Structures are given as C-alpha cells and as structure tokens.
Amino acid sequence: MSYNIPKTQIAAVVTSSDAPIEIRADHPVKAQVDLAPGECLVKLVSTGVCHTDLHARNNDWPIPAKTPLVGGHEGVGHIVAIGDNTPDSPVKIGDRVGIKWLAYSCLDCEQCRNGLEQNCPKAKLSGFNVDGTFAQYAVSYVHHVTPIPDSLESNAAASILCAGLTVYRALKYSDAKIGNWVALPGAGGGLGHLAIQYATAMGLRVLAIDTGAEKKKLCTELGAEKWIDFKETKDIVKAVQEACDGLGPHCAIVTAASGSGYSQAVDYLRSGGTLMAVGLPGDAKLEASIFFTVFKSITIKGSYVGNRQDAIEALEIAARGQAKVHYELQALSDLKGVYEAMEEGKVAGRIVLDMSK
Ligand code: 8ID
Ligand code: ZN
C-alpha cells in the first residue's frame with residue numbers, strides 16, 4: 001500500500017498563549033525521506049479535545065509547552081509512511097493506530113523498565129513538546145503508537161487514548177474493590193464520564209460530583225448511583241459522606257480541572273480511603289490536613305496517563321462496549337469555540353474533531 005502524501009496540510013497552530021489559534025492551510029508535512037528511524041507519519045481520521053490541550057494552549061502549567069505548537073493527543077489515523085532503517089517495527093503502513101499523550105519514551109531507562117514509560121526523562125509529549133494531532137498528519141513513533149481494535153470505530157476510539165486510558169489506570173491503581181464507593185469530582189467531563197463507566201465495569205458504586213442538569217443526566221445515564229452538584233451543595237463533605245453509607249467513599253478519582261475539586265476529598269474519604277490525583281490545575285496546592293491524612297490512614301497517589309499496556313487494556317474494554325465515549329463531532333476549524341466551551345465548563349463528555357473531511 002502506498003499513499004500520496006502532500007507537502008502541506010491544514011493544521012491548528014498556537015503561536016503564543018495570548019494569540020488566537022491559527023488554522024493554517026499551508027503547514028508543512030514531513031516527507032518520508034525526512035522521517036528519522038523509528039518515526040512514522042499518521043494521516044488522522046479523528047482526534048479528541050482534552051482539557052490538557054487547553055492548558056497547553058493557555059500555557060498555564062508550571063512547565064511550558066513549545067511554540068509554535070500543534071496541540072492534540074487523542075488521535076486516530078492510518079500509518080502512511082515509516083522512516084527508513086526502522087528495524088522490528090510492530091506496525092506497518094496502512095495500520096490504524098492511536099496517538100496518545102506519551103508520543104515517545106526510551107524504553108531502556110529505569111522508569112520505562114518499571115512500566116512508568118510516562119515518567120521517562122526522555123519522554124516526548126504529543127501536542128506539548130512535539131506537535132500533536134490537530135493537523136491532517138502527525139509524526140509519531142512506531143514503538144508507541146497504539147493499534148486500534150477493528151471493532152472500535154475511529155471517532156469512538158479517539159478519546160480512549162487519553163481520557164479513557166488515564167481514568168482506567170487511575171482506577172486500576174486505586175485498590176478500590178468490587179462493591180466499594182468511588183467519588184468522581186469532574187464526573188461530567190471528558191475523563192470523568194469515562195471514569196463512571198470503567199468504575200461500573202469494575203463493580204464499583206459511583207457517586208458523581210459535577211454541576212448542571214446536562215452533566216447530571218449524562219452521569220446518571222452512564223451508571224452513577226448518586227449525584228452531587230458542587231455549585232448547589234453547601235456542605236460537600238457532609239453530602240458526600242451521607243451519600244456513601246454515612247461513612248464516605250473508599251476512593252476518590254479527582255478529574256476536576258480546578259483545585260476546588262480536590263479540597264474536600266481528604267475530609268470526605270472513608271478511613272483507609274485513597275485519593276487518586278488526576279486533574280491538573282496548574283497553580284493549585286493539594287490542601288490536605290496532615291492530621292486527618294494520618295489519623296484516617298488516607299493514601300494520596302498521583303496518576304499520570306498510562307503506559308502502552310494500559311492503553312491496550314483501556315481500548316479492549318471500550319471495544320467490548322463497556323466504556324463508550326459520549327461525544328459531539330466538530331471540525332478542526334471549530335477548535336477555538338471548543339476551547340471556549342470547555343473553559344466555561346459547558347462540555348458534557350467530549351468534543352471529537354472529524355479530521356476525515
Ligand atoms: O494524566 C493525567 N493525570 C491527566 C490526563 C488527561 C487530563 C490529567 N488530565 C487533566 C486535564 O489536564 C484537566 O486538568 O484532567 C483534568 C480534566 O480533564 P478533562 O476531563 O479533559 O476536562 P473537562 O472535560 O473540562 O472536565 C472537567 C470537569 O471538572 C468539573 C467541570 O465541571 C468539568 O465537567 N469540575 C471543576 I472545573 N471543578 C469541579 C469541582 N470543584 C468540578 N467537578 C466537581 N467539583
Ligand atoms: Zn489528555
């Protein structure tokens with residue numbers, strides 16, 4: 001199979017955090033001869049928009065994104081070229097693959113050997129320090145792209161590559177057991193609505209925390225047993241504990257993009273409970289009472305995306321229909337509006353960009 005690869009493409013480019021996103025029609029495409037060994041070129045069909053892309057666009061994290069930047073890290077497409085002198089490639093031209101946040105890791109360091117590929121000191125991050133998927137073509141790496149199961153349609157697969165993978169891994173390492181209560185601050189967002197489904201698939205009981213009628217409806221339809229609106233509830237700690245047997249949840253997976261979603265979690269968790277920190281507000285501190293963290297035997301863990309195996313597992317569960325991305329399709333040219341809606345907290349589930357047109 002051979003593909004006709006153009007020299008230029010349409011891409012959404014961030015030049016600086018105070019400039020509007022530019023949709024360029026003449027963005028260069030890397031030619032096959034210019035691909036390094038191990039690199040591949042992916043022609044995108046679909047890409048999700050993650051709140052992380054908004055953080056990168058606004059440059060509101062303690063570590064800066066590169067500029068100019070093509071954001072995006074929930075991409076699905078076909079491999080159209082592979083760099084020369086790439087031995088033992090696990091993928092071939094024509095394969096349908098996913099591009100996730102972790103574009104590259106060395107696979108040889110201690111972190112990679114321990115399965116913490118995302119913490120590799122040489123990590124390259126799609127849509128952050130290397131260009132990502134908000135373009136018709138993206139350069140990625142044969143050892144890190146993720147094969148997409150045949151039964152999973154591309155638009156449905158895209159957001160599993162970050163949102164799904166991240167919450168799947170957070171749940172996997174949370175030690176929550178079948179029948180346990182899990183609280184999900186941020187439940188109506190991209191990560192959160194998938195967390196409801198992976199948690200339910202694990203036999204957990206879900207308390208969703210977010211705001212607004214649309215997100216309430218989504219969370220309840222996806223399997224949340226209880227709902228708390230964080231904007232309408234005065235005493236969140238009391239409400240959460242009452243909702244979970246009067247004792248509080250065994251676990252909280254915090255995917256809120258603001259520090260406020262974290263503030264009460266240590267207080268409402270049941271003794272012996274675990275707080276999985278997932279949401280990434282750039283400047284917030286985790287205000288946990290040291291006394292009660294110790295006195296209640298609380299565990300606090302940071303959980304950062306996932307490795308290649310986590311991605312395969314998250315996709316397999318989605319392919320079996322146990323986690324479905326609730327998405328609205330838009331075009332790449334709509335990206336600015338998507339960011340505005342996300343900033344205002346108006347996106348229930350995910351926005352996925354149709355890159356096939
Ligand atoms: O590897 C990771 N840890 C990882 C991976 C991917 C994304 C972390 N993230 C981070 C993102 O960078 C972002 O900071 O997780 C956060 C959530 O990403 P998202 O799900 O893509 O964002 P969203 O769709 O905007 O959903 C966030 C939800 O949080 C709610 C909002 O209403 C929204 O539905 N929320 C907020 I903001 N404050 C809340 C609060 N105090 C809250 N929900 C409950 N309580
Ligand atoms: Zn993401």
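Since the structure is predicted, the reported quantities are computational estimates derived from the model, not experimental observations. Whatever order the structure lists ligands and atoms in, that order sets their numbers, starting from 1. The analysis underlying the following values was restricted to heavy atoms, covering all of them including side chains, and did not include hydrogens, waters or symmetry mates.
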Just by distance, do the side chain of [X] and the backbone of [Y] share a donor-acceptor pair under 3.5 Å?
| X | Y | result |
| --- | --- | --- |
| N307 | Q118 | no |
| K296 | I298 | no |
| Y262 | G279 | yes |

Can you find a heavy atom in the side chain of M355 that is under 4.5 Å from one in the side chain of K43? no
Does some side-chain heavy atom of K172 sit less than 4.5 Å from a side-chain heavy atom of E313? yes
Table of N or O contacts for ligand 1, cutoff 3.5 Å:
from	atom 1	to	atom 2	distance (Å)
ligand 1	1 (O)	V305	N	2.6
ligand 1	3 (N)	V278	O	2.9
ligand 1	3 (N)	S303	O	2.8
ligand 1	12 (O)	T52	OG1	2.7
ligand 1	12 (O)	H55	NE2	3.3
ligand 1	14 (O)	H55	NE2	2.9
ligand 1	14 (O)	L280	N	2.9
ligand 1	20 (O)	G190	N	3.3
ligand 1	20 (O)	L191	N	2.8
ligand 1	21 (O)	H51	N	3.0
ligand 1	21 (O)	R350	NH1	2.7
ligand 1	22 (O)	H51	ND1	3.4
ligand 1	24 (O)	G190	N	2.9
ligand 1	25 (O)	H51	ND1	2.7
ligand 1	32 (O)	D210	OD1	2.6
ligand 1	32 (O)	K215	NZ	3.2
ligand 1	34 (O)	G189	N	3.4
ligand 1	34 (O)	D210	OD1	3.3
ligand 1	34 (O)	D210	OD2	2.7
ligand 1	34 (O)	K215	NZ	2.8
ligand 1	38 (N)	S258	OG	3.0
ligand 1	41 (N)	S260	OG	2.8
ligand 1	41 (N)	G261	N	3.2
ligand 1	43 (N)	G186	N	3.1

R24 and E22 ion-paired at < 4.0 Å: yes
Taking the inter-plane angle between the rings of F128 and W61 on a 0 to 90° scale, is it parallel (under 30°), tilted (30 to 60°) or perpendicular (over 60°)? tilted
Check the side chains of N58 and E343 for a donor-acceptor pair under 3.5 angstrom, ignoring hydrogens and angles. yes
Enclosure of D235 CG (heavy-atom neighbours >12, cutoff 6.0 Å): yes
Cut-off under 2.8 Å, centre the Zn ion (ligand 2), protein N/O/S atoms: C50 SG, H73 NE2, C162 SG
